[in-house]
Protein chains: 2
Amino acid sequence: MQTQRLAQIMQERGVRRTPQRLAVWRLLAEEPGLTIREAVRALEPEGIGQATVYRSVKALENAGLLLGFPAPRGELRYAAVLDHVHLLVCERCGAVRRLHECRLSGYEAEVEQKTGYRVRGHTLVVYGLCPRCREGGEP
Amino acid sequence: MQTQRLAQIMQERGVRRTPQRLAVWRLLAEEPGLTIREAVRALEPEGIGQATVYRSVKALENAGLLLGFPAPRGELRYAAVLDHVHLLVCERCGAVRRLHECRLSGYEAEVEQKTGYRVRGHTLVVYGLCPRCREGGEP
DNA sequence: CTTGAGATGATAAGATTTATCAGGTATGCA
DNA sequence: TGCATACCTGATAAATCTTATCATCTCAAG
């Protein structure tokens, strides 16, 4: 289970491990692509307060355990991650897949060269239509 | 001037060309990396209503003329774009540069192959420290 | 087990975003 | 060019979302 690695990373990065934070992370691992508000509603029945959800998302994102990405309608949606991944998002239904390959380190080095920036990381989101939505008629 | 190309693209994509939308785009071209709210405040003196700014940002983003990206503190920030570009964002001062090279079409094809998704595009944001912030001076 | 820094929940306060509607204006066509 | 109309705008109100506050609780280091 990934729970072990999650615990390890939280430990390493000095992020306190509370049941609420674990619940937030798990929700966004099982259902990636929710907004914070949607997460608030999903966790309400478990007795987790909305302020806590907001704070947890920030803490986890800070620790690199959640990834935010812009979705249609100007929404900011989140997905749980452990390692560096790229996201593949369906523009129609919002389904999110993680892509575990990254060959952009060469690109990063090149950007450093050309710009003088110190590069620390990147976020790549690929947009398209998932197999199911590809088939389906118009939205 | 890019204004010509901008007009052309708006025409092509059926986005109505109003003074307000042009103002929003120009602001985010000169000062990329603003939140919508910051844009609202910047355009208030010009007599552009807040609702209009919100609507314009959505219309322009939809037409691929603005790019949204997640910034620290959970903010969604925007930059004006004409073509497909990658963004280079300074984590400390928020400076935004556009990178006009993209060699990810091969990657997109590969993702299509492997996942069955129909890929329509991608967003790549590289994070780091700009030369000035690298030194340690304040933003 | 003890202890203290930091997290939580409830609620209030504040900020952002959207809805509504009367009036205005870009754009296609004659 | 001038017209008609579909779409846009500004103002304001209403709805949502986000943060602040504070008393209490709990994780985790020793």
Side-chain angles (χ1 to χ4, degrees), chain A residues 3-28 33-63 65-66 68-78, chain B residues 3-28 33-63 65-66 68-78:
Chain A
T3 304
Q4 193 134 37
R5 249 193 79 66
L6 175 62
Q8 182 194 353
I9 294 176
M10 292 181 82
Q11 168 93 10
E12 284 170 8
R13 307 194 184 162
V15 185
R16 232 154 134 171
R17 204 164 146 282
T18 70
Q20 292 86 348
R21 289 177 177 184
L22 295 181
V24 168
W25 191 88
R26 281 206 204 97
L27 172 66
L28 288 166
L34 300 180
T35 61
I36 297 190
R37 192 112 281 273
E38 287 167 347
V40 165
R41 281 191 276 264
L43 294 170
E44 217 155 57
E46 300 184 29
I48 298 180
Q50 63 173 344
T52 298
V53 175
Y54 280 93
R55 290 181 291 221
S56 297
V57 167
K58 290 203 172 158
L60 292 169
E61 186 182 25
N62 238 296
L65 290 165
L66 291 183
F69 62 95
R73 284 185 52 196
E75 298 166 330
L76 189 48
R77 297 183 168 273
Y78 291 87
Chain B
T3 304
Q4 194 136 37
R5 248 192 81 66
L6 175 62
Q8 182 194 355
I9 294 176
M10 291 180 83
Q11 168 96 8
E12 284 170 8
R13 306 193 185 162
V15 184
R16 237 160 136 170
R17 206 164 146 282
T18 71
Q20 293 85 349
R21 288 177 179 186
L22 295 181
V24 168
W25 191 88
R26 281 206 202 98
L27 172 66
L28 287 166
L34 299 179
T35 61
I36 297 191
R37 193 109 282 274
E38 287 167 348
V40 166
R41 280 190 277 264
L43 295 170
E44 216 156 58
E46 301 185 29
I48 298 179
Q50 62 174 347
T52 298
V53 176
Y54 278 95
R55 290 181 290 221
S56 298
V57 167
K58 289 200 175 162
L60 292 169
E61 186 181 24
N62 238 295
L65 290 166
L66 291 183
F69 62 94
R73 286 185 50 197
E75 298 166 328
L76 189 48
R77 297 181 169 273
Y78 291 86

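Heavy-atom basis, side chains included; hydrogens, waters and symmetry copies ignored.
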Task: Nearest non-hydrogen partners of B/Leu76 and A/Gly74, listed with the distance - done: CD2-O, 3.3 Å
Open item on the list: We want to know whether A/Gln4 and A/Gln8 form a side-chain donor-acceptor pair, criterion being a heavy-atom distance below 3.5 angstrom.
Closed with: no
Task: Partners meeting side-chain contact (heavy atoms from CB on, under 4.5 Å) with A/Leu6 (sequence neighbours left out) - done: A/Met10, A/Leu22, A/Trp25, A/Leu65, A/Leu82
Dump the pairs, protein N or O against N or O of nucleotides 11-13 of chain C, anything under 3.5 Å, distances to one decimal.
none

Task: Strand-adjacent residues in residues 34-44 of chain A, judged by heavy atoms under 4.0 Å from DNA chain D - done: A/Arg37, A/Arg41
Task: Heavy-atom closest pair, residues A/Ala42 and A/Pro45 - done: O-CD, 3.4 Å
- [ ] Check side-chain hydrogen bond (donor to acceptor under 3.5 Å, both in side chains) between A/Glu61 and all other residues, then give those that pass, not counting sequence neighbours.
- [x] none
Task: Which atom of B/Ser56 lies closest to which atom of B/Val24, heavy atoms considered - done: CB-CG2, 3.9 Å
TODO: Look at the side chain of B/Arg77 and the backbone N and O of B/Ala71, then say whether any donor-acceptor pair between them is shorter than 3.5 Å.
DONE: no
Task: Angle between terminal axes - the helix from C/dC1-D/dG30 to C/dA30-D/dT1, 5 pairs each end, rounded to 10° - done: 70°
- [ ] Within residues 54-61 of chain B, find the residues that approach DNA chain C with a heavy atom at under 4.0 Å, and present them sorted by residue number.
- [x] B/Tyr54, B/Arg55, B/Lys58
Open item on the list: Applying a 4.0 Å non-hydrogen cut-off, can you work out what B/Gly74 is touching in the nucleic acid: base, sugar-phosphate, or nothing?
Closed with: nothing
Task: Which atom of A/Gly68 lies closest to which atom of B/Pro70, heavy atoms considered - done: O-CG, 3.2 Å
Task: Distance-minimising heavy-atom pair for B/Leu28 and B/Tyr78 - done: CD2-O, 3.5 Å
Open item on the list: A/Arg37: which residues meet the side-chain contact (heavy atoms from CB on, under 4.5 Å) condition with it, sequence neighbours left out?
Closed with: A/Thr35, A/Val40, A/Arg41, A/Gln50, A/Tyr54
Open item on the list: Checking side-chain contact (heavy atoms from CB on, under 4.5 Å) between B/Leu27 and each of B/Leu34, B/Ile48, B/Val53, which is the one that passes?
Closed with: B/Leu34
Open item on the list: Could you work out, with side-chain hydrogen bond (donor to acceptor under 3.5 Å, both in side chains) as the rule, every residue matching B/Gln11, not counting sequence neighbours?
Closed with: none
- [ ] Rounded off to whole Å, could you give me the CD1-to-P distance for the B/Ile48 and C/dG24 pair?
- [x] 18 Å
- [ ] Return each pair, listed once, that meets salt bridge (Lys or Arg N to Asp or Glu O under 4.0 Å) where at least one residue sits in residues 43-55 of chain B; pairs must be two or more places apart or across chains.
- [x] none
Task: Counterpart residues, side-chain hydrogen bond (donor to acceptor under 3.5 Å, both in side chains), relative to A/Arg21 (two or more places apart) - done: none
Open item on the list: Take a 6.0 Å sphere around CZ of A/Arg17 and say whether it holds more than 12 heavy atoms from other residues, nucleotides or ligands.
Closed with: no
Task: Close residues, residues 11-22 of chain B, relative to DNA chain D [heavy-atom separation under 4.0 Å] - done: B/Arg16, B/Thr18, B/Gln20, B/Arg21
- [ ] Whole angstrom is fine here: how far is it from CD in B/Glu46 over to C1' in D/dA11?
- [x] 18 Å
